[in-house]
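Keep in mind that what you see is a predicted model, and the values were worked out from it rather than measured.
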Amino acid sequence: MSLDPKLLNVLACPKDKGTLEYDQERELLVNERLGIAYRIDDGIPVLLIDEAEPYISAK
């Protein structure tokens, strides 16, 4: 499932208020600055700081 680009433009990390990148393969919204990611459940981003997971780039 893909997220609407308009939605991606307005979403921000709740922890540092910065931009998030979309990892479509893993269905995650990623904040590489902090090394965390937020999951997407059934097309709905779960942007809760307590639900953030550690993120290691696949690059």
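Side-chain contact check for Tyr38 and Glu53: no donor-acceptor pair (N or O, by modelled atom type) lies under 3.5 Å.
Transitive grouping of hydrophobic side chains (ILVMFWY, heavy atoms separated by less than 4.5 Å) keeps Val46 and Leu34 in distinct clusters. Transitive grouping of hydrophobic side chains (ILVMFWY, heavy atoms separated by less than 4.5 Å) brings Val10 and Ile40 into a common cluster.
In this view, Asp4 and Lys6, Leu7 satisfy the side chain to side chain contact (heavy atoms under 4.5 Å, CB included) rule, not counting sequence neighbours. By the salt bridge (charged side-chain N to carboxylate O under 4.0 Å, His left out) test, Glu51 pairs with Arg39, sequence neighbours left out.
In summary, of the residues considered (Leu20, Ile36, Asp23), a side chain to side chain contact (heavy atoms under 4.5 Å, CB included) with Val30 occurs for Asp23 alone.
Atoms OH and CG, from Tyr22 and Leu3 in turn, are 4.5 Å apart once rounded to the nearest 0.5 Å. Note that CD of Glu21 and CG of Leu28 are 12.5 Å apart. Values are rounded to the nearest 0.5 Å.
What you find for Ala12 and Leu47 is that their closest heavy atoms are O-CD1, 4.2 Å.
The list of side chain to side chain donor-acceptor pair (under 3.5 Å) pairs with a residue in residues 8-19, not counting sequence neighbours, reads Asp16-Asn31, Asp16-Arg33.
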